[in-house]
J.: 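Structure provided below as structure tokens; questions to follow.
Convention: sequence-line order gives letters A, B, ...; per-chain numbering from 1.
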Protein chains: 2
Amino acid sequence: MKHLPHKTIERLSQYRRALLICAAKGKTHIFSHEIAKIQHITPVQVRRDIMLIGYTGTLRKGYNIQELIDLIGDIIDTKEGLNVAVVGIGNLGRAMINYFNGKRTKLSIVAGFDSNPDKIDRIYSGVKGYHIDRLAEIIKEENISIAIITVPAGAAPEIADKLVNAGIKGILNYTPKPVQVPSHIYLEEYDMITSLEKVAFFVKTH
Amino acid sequence: MKHLPHKTIERLSQYRRALLICAAKGKTHIFSHEIAKIQHITPVQVRRDIMLIGYTGTLRKGYNIQELIDLIGDIIDTKEGLNVAVVGIGNLGRAMINYFNGKRTKLSIVAGFDSNPDKIDRIYSGVKGYHIDRLAEIIKEENISIAIITVPAGAAPEIADKLVNAGIKGILNYTPKPVQVPSHIYLEEYDMITSLEKVAFFVKTH
DNA sequence: AGCAAGTTGTGAAATAATTAACAATTTTTC
DNA sequence: GAAAAATTGTTAATTATTTCACAACTTGCT
Ligand SMILES: NC(=O)c1ccc[n+]([C@@H]2O[C@H](COP(=O)([O-])OP(=O)(O)OC[C@H]3O[C@@H](n4cnc5c(N)ncnc54)[C@H](O)[C@@H]3O)[C@@H](O)[C@H]2O)c1
Ligand SMILES: NC(=O)c1ccc[n+]([C@@H]2O[C@H](COP(=O)([O-])OP(=O)(O)OC[C@H]3O[C@@H](n4cnc5c(N)ncnc54)[C@H](O)[C@@H]3O)[C@@H](O)[C@H]2O)c1
């Protein structure tokens, strides 16, 4: 398979989530326009994404839901799964650990880190809290490749550095403060305020 | 001003956040490549965005930080500000209310809603919790135009319907369940798992 | 003053993402 | 069993976004 557009990767993840729900309801096939409706996009886009991953449906029957789920899994999951850490066991960090818990995917949150002694050596929804000083140690020990940063914004750059030194491969930064990492590390940043301001802008102009 | 690209709107919000920090440090001017470094983008892109909003910097001095902050405000803020509600006062909802509190922007969270009686008539970081049955009433009363959905995924579609009926203008859905709304309502959906899976994909393939 | 270095602003080119259009085929209907 | 309706797969066209390339100008330096 060639190169998949970033946007396609995002949508595949979303398709899979929707497909899992359909599968759970006992549905076996789905049409491109049904997926499109759920995701607020056009049927052509769905078909194109599916074409890009080399799957083909059946004319007038649609796509086999389970096959598509499995194929998307082959593309975006790793076989053995990846381990994830949450750095900053505050409101957001705990909310995320809790949210993840029970979702069976190939991604598992296996550790939390915090600098506050009160937060460590406790279990949060099945995930143990460690002191931030043990970051490198635990990352190696638990084979963690992705970290989610949920410390206060001011601490984010320092935490990013520590993660880089500890050999992390990907970072998801939920802090409003952008961090700098070497280019071989995949970095994704998200801040709610940007999303809210965007909604506000379109509310204003529409 | 013509039509601003969606991506530009997002970046303007981010620029402003970075600029506010710079201003707080006493900096008065900034170069395109400095902004670019912070945001992990190219200087040309910064200059182009700024060009699109009709601002011009000074050759070899860069952009006046305060002027740029104000201009971005003119574009993405409304004069009187907009009121926001959080629906679902759980872990994520409370984390968000708490996060917002104290950030002085033109967006204020003015109400929370929940179906659990234990959650209502309490104050969360300055925001009052109301019973979900009072949604329409309070939305009108408090002139709320944007809602953030943080209820359990299963309840999201029903909540979206209620919001639409109550006359909301924009919705930010943090639930993994996509909701359907009429096209005149601006809808933005975000799910952390998609972001994480995207990071995982790029970690895997790089 | 004259030159070098730095920086903005922008038209044009390139790249990325979406949409249109339609042939090919299957199923349903009568 | 012929016609109509539905649906996929894909090329081509379109639209959106980013990057290139460079002219224009400012500042600092000698
Ligand atoms: N709460 C939200 O909804 C929300 C939304 C978007 C972004 N954010 C951002 O996420 C971050 C966390 O938000 P929160 O509401 O969970 O804050 P919080 O204060 O509840 O949690 C922060 C946690 O990080 C820990 N911490 C502080 N310094 C640390 C360090 N150097 N190393 C390790 N741990 C450290 C603290 O002990 C605390 O447990 C903030 O940057 C916030 O801006 C929050
Ligand atoms: N926690 C996270 O980090 C995170 C991240 C991404 C998405 N999400 C999603 O956000 C949502 C909330 O997550 P959470 O961790 O806060 O869950 P939560 O269970 O802590 O909170 C949900 C809240 O919604 C209330 N509620 C339930 N039904 C309601 C209804 N019909 N009307 C009004 N209120 C109702 C509950 O009483 C509860 O207070 C979930 O859909 C979750 O998938 C959470």
J.: Please list, one pair per line, the donor and acceptor atoms closer than 3.5 Å that link side chains of residues 151-168 of chain A to other protein atoms, with sequence neighbours excluded.
T.:
| residue | atom | partner | partner atom | Å |
| --- | --- | --- | --- | --- |
| A:E158 | OE2 | A:K162 | NZ | 3.4 |
| A:N165 | ND2 | A:D161 | O | 3.4 |

J.: To the nearest angstrom, how far is A:E10 atom CD from C:dA16 atom C1'?
T.: 14 Å
J.: Please list all pairs passing the side chain to side chain donor-acceptor pair (under 3.5 Å) test where one or both residues lie in residues 196-206 of chain B, with sequence neighbours left out.
T.: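 Only A:E10-B:K198, A:S13-B:E197, A:R16-B:E197, A:E188-B:K198 qualify under side chain to side chain donor-acceptor pair (under 3.5 Å).
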J.: Could you tell me the separation between the CD1 atom of A:I41 and the P atom of C:dT19, rounded to a whole number of Å?
T.: 9 Å
J.: Sequence neighbours left out, what pairs pass salt bridge (Lys or Arg N to Asp or Glu O under 4.0 Å) with at least one residue falling in residues 44-59 of chain A?
T.: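 Only A:R11-A:D49 qualify under salt bridge (Lys or Arg N to Asp or Glu O under 4.0 Å).
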J.: With sequence neighbours left out, which residue pairs that include part of residues 53-76 of chain B fulfil the salt bridge (Lys or Arg N to Asp or Glu O under 4.0 Å) condition?
T.: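 Counting only pairs at least two positions apart or across chains, no salt bridge (Lys or Arg N to Asp or Glu O under 4.0 Å) contact touches residues 53-76 of chain B.
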J.: Keeping to residues at least two apart or across chains, list the ring pair (Phe, Tyr, Trp, His ring centres under 6.0 Å) pairs with something in residues 75-115 of chain A.
T.: A:F113-A:Y130
J.: Enumerate the residue pairs fulfilling salt bridge (Lys or Arg N to Asp or Glu O under 4.0 Å) with a member in residues 166-183 of chain A, sequence neighbours excluded, ordered by first and then second residue.
T.: none
J.: Holding to ring pair (Phe, Tyr, Trp, His ring centres under 6.0 Å), I want the full list of residues that pass it with A:Y186, two or more places apart in sequence or in another chain.
T.: B:F202
J.: In the 5'-to-3' direction, what one-character label does each nucleotide of nucleotides 4-15 of chain C receive under the scheme B = base within less than 4.0 Å of a protein heavy atom, S = sugar-phosphate only, - = no such atom?
T.: -BBBBBBBB---
J.: Regarding A:K37 and A:E34, does a basic nitrogen lie under 4.0 Å from an acidic carboxylate oxygen?
T.: no
J.: For DNA chain D, which nucleotides open and close the run of contacts to chain A, 5' to 3', at under 4.0 angstrom from a non-hydrogen atom?
T.: D:dA5 to D:dA12
